[in-house]
Amino acid sequence: MAPRRKSRGDPDERSRLLQSVPPIESSNSVQWWEDDKDTRRRWWSIRIMYLTMFLSSMGFSIVVSSVWPFLRKVDHSADESFLGWVVAAYSLGQLVASPVFGGWANLRDRTKEPLLVSIVINVAANTMYSYVHAFPQPRGVYMLVSRALVGFGAGNVAVVRSYASAATTLSERTSTMATMSAFQAIGFILGPVLQTAFVPLGENGIEWKAIQLSINMYTGPGFLSAILGIINILLLIFVFKECKVADTAGLVVNSQEIEKSEEEGTVDYFAVAATNILFFVILFSFAIFETITTPLTIVMYAWTQSQAVLYNGIILGCLAVQSVCVMIAIRILSKRFNEKRMMLVAFFIMLGSFIMLIPYGNEPIPHVAPGLHPAVNITTPSPHHQNITHSPNITVLTTPPAATTPPRGCPWEYKWCDNTPKLYLGQMFAGFFLLGLSYPTSNVLSYAMYSKILGPKPQGTWMGWLTASGSLARTLGPVFVSQIYTNYGPQIAFGAAGGIVLVAIFWLLAVYRRLVPFVERNKILST
């Protein structure tokens with residue numbers, strides 16, 4: 001087979017999600033020879049990394065809309081505050097594991113080994129999550145441990161990005177990293193959509209008592225994640241080949257020029273840190289949204305658990321489709337508009353989404369009586385002082401004590417229920433729509449800007465820090481919102497989230513001039 005001669009500027013089969021960083025020019029041209037077989041092998045391995053990133057991200061979100069009702073089913077002592085820790089456990093595990101797997105990959109100079117071990121842990125942890133009903137009480141603790149282990153297995157994200165950086169040329173790297181972030185974002189949003197496929201199974205589903213197997217709308221996503229993880233393991237064993245650019249068969253690279261180009265420029269580490277902070281706020285904001293959506297809708301609209309899982313899954317599915325459309329639009333708009341300006345607009349839209357989610361109006365929230373469960377609507381005076389003056393009575397949802405369905409509506413122990421109006425359904429949809437515009441835009445642009453600021457330098461370690469920043473955000477976000485929501489209600493929770501986004505906007509404006517691609521910055525410094 002005749003080899004194919006390529007140069008750094010040549011287009012290839014990878015369509016650019018965003019414009020890539022221009023290569024550093026010099027007197028000599030960096031060229032290499034790569035035949036079709038090597039090209040296919042290299043890109044099949046990169047595509048497996050795309051899949052690994054997608055599954056890793058989906059592992060966080062696939063249970064988000066059902067984890068609250070599942071937690072209440074297996075452990076009646078759990079409340080919304082504990083829910084925040086269960087959701088945050090995933091990201092905490094990922095935060096701990098990222099440097100472990102990253103260091104392993106660097107020490108052994110192998111990608112496959114840490115990836116296989118991490119995915120095996122992920123498969124076992126998802127199986128544990130789906131079997132949490134078989135553990136003794138308090139089962140909520142076992143659920144927390146299982147989610148932490150799922151997150152630990154997802155600590156391979158830094159390894160995936162490091163490999164993608166090593167397996168691509170400079171002209172391919174930015175588009176590959178942007179595509180990687182697109183798969184991550186889609187997995188993050190698409191997870192709850194897959195959850196809805198199990199809603200028809202109901203809370204009981206299919207049971208095999210001999211092995212304590214129960215496949216229902218809560219455990220199904222865990223089993224699905226385990227099966228997809230096994231497929232990922234098989235692809236790594238039989239298809240994936242470690243194929244870094246320097247090791248590609250037939251490759252001829254002027255390494256002296258590469259070293260010279262790296263020595264000629266310096267990275268603006270302040271800009272790197274600034275981008276990490278912005279990325280933290282982006283992931284923090286979306287983690288708040290995913291954590292609070294299910295308990296919020298159960299309280300505001302008195303949805304049953306099945307309705308909450310189904311409807312929120314549909315809503316997030318629509319957001320997934322919207323996100324794909326937004327990412328396609330970003331590819332077009334990034335050629336015409338400055339990426340920093342687009343990022344600034346995205347943050348303003350994100351601020352608008354949280355403002356839109358703050359309840360206002362006159363309609364009160366339906367309540368549930370202490371110790372009772374919903375069956376019929378009755379009207380009774382509120383035992384607390386009413387600040388909503390137009391409505392001296394509020395709706396209370398009750399049912400006979402024999403019912404086993406956890407309560408819906410706002411519990412009496414939440415004193416903010418009397419002071420907080422109902423969130424209009426159209427208002428909620430508008431807030432979700434705005435978040436569906438801002439999150440994928442800011443997420444993809446932050447990865448692209450980060451890669452451009454780093455330039456041709458090896459990016460594996462720095463991508464690990466970006467991953468850690470996102471993991472920390474998804475650890476603190478659920479704990480933050482669950483604590484504030486439980487004690488002060490959605491008005492304060494979404495208001496505080498909006499305040500954090502506003503601070504991020506001021507931060508972006510302050511560092512705006514420093515967020516310059518590596519090549520442009522060093523051209524300015526050299527003149």
Handout entry: Plane angle bin for F286 and Y439 - parallel if under 30°, tilted between 30 and 60°, otherwise perpendicular
Key = parallel
Practice task
Report the relative orientation of the aromatic rings in F70 and Y129; use parallel for angles under 30°, tilted for 30 to 60°, perpendicular for over 60°.
Solution key: perpendicular
Given 3.5 Å as the limit, does a donor-acceptor pair link the side chain of [X] with the main chain of [Y], or not?
X    : Y    : answer
Q94  : A154 : yes
T475 : L92  : yes
R474 : F284 : no
N122 : V150 : yes
Y163 : K112 : no
S57  : M53  : no
K241 : S45  : no
E207 : Q212 : no
S446 : N443 : yes
N216 : T219 : yes

Exercise for the section: Would you please test M180 and V160 for side chain to side chain contact (heavy atoms under 4.5 Å, CB included) and show each step? Expected result: CA-CA 9 Å; M180 189 80 72; V160 170; 3.7 Å; yes
Counting C-beta onward and ignoring hydrogens, is there a side-chain heavy-atom pair between [X] and [Y] closer than 4.5 Å?
X    : Y    : result
F223 : N126 : no
P478 : W85  : no
V157 : S98  : no
V67  : Y218 : no
Y512 : R341 : yes
V159 : T111 : yes
I505 : L508 : no
I453 : V516 : no

Problem - Steps toward side chain to side chain contact (heavy atoms under 4.5 Å, CB included) verdict (V309, F198) - result: CA-CA 10 Å; V309 173; F198 295 94; over 6 Å; no
What is the distance from atom [atom1] of [X] to atom [atom2] of [Y], rounded to the nearest 0.5 Å?
X    : Y    : atom1 : atom2 : result
C243 : R42  : SG    : CZ    : 6.5 Å
F183 : F54  : CZ    : CZ    : 8.5 Å
L435 : S323 : CG    : OG    : 9.0 Å
L71  : M143 : CG    : CE    : 5.0 Å
S469 : Y450 : OG    : OH    : 8.5 Å
L351 : I500 : CG    : CD1   : 12.0 Å

List, one per line, each side-chain donor-acceptor pair under 3.5 Å for residues 188-197, sequence neighbours excluded.
unit_1	atom_1	unit_2	atom_2	d
Q195	OE1	S66	OG	2.4
Q195	NE2	M217	O	2.6
T196	OG1	V193	O	2.4

Looking at every heavy atom in both [X] and [Y], which two are closest together, and how far apart are they?
X    : Y    : answer
G229 : I119 : O-CG2, 3.4 Å
V123 : A226 : CG2-O, 3.6 Å
V501 : S285 : CG2-OG, 3.6 Å
S56  : Y90  : O-OH, 2.5 Å
L235 : I48  : O-CD1, 3.8 Å
G220 : I215 : CA-CG2, 4.4 Å

Exercise for the section: Would you check, one step at a time, whether the test side chain to side chain contact (heavy atoms under 4.5 Å, CB included) holds for F101 with F152? Expected result: CA-CA 10 Å; F101 289 123; F152 192 90; 3.9 Å; yes
Completion exercise
The single option from V345, L319, I349 that satisfies side chain to side chain contact (heavy atoms under 4.5 Å, CB included) with L437 is I349
Exercise for the section: Apply the side chain to side chain contact (heavy atoms under 4.5 Å, CB included) test between I62 and each candidate in L224, L228, L55; give the one that qualifies. Expected result: L224
Exercise for the section: Using the side chain to side chain contact (heavy atoms under 4.5 Å, CB included) rule, take R161 and N156 through it: C-alpha gap first, then chi angles, then the decisive distance, then the call. Expected result: CA-CA 9 Å; R161 289 192 178 279; N156 56 23; over 6 Å; no
Practice task
May I ask you to check whether T52 and N232 show a side-chain donor-acceptor distance below 3.5 Å?
Solution key: yes
Problem - Over 12 non-hydrogen atoms of neighbours within 6.0 angstrom of CD in E113 - result: yes
Practice task
Examine F432 together with F289 and report whether their ring centres are nearer than 6.0 Å.
Solution key: yes
Problem - Cationic tip of R47 above W44 ring, under 6.0 Å, 45° of axis - result: yes
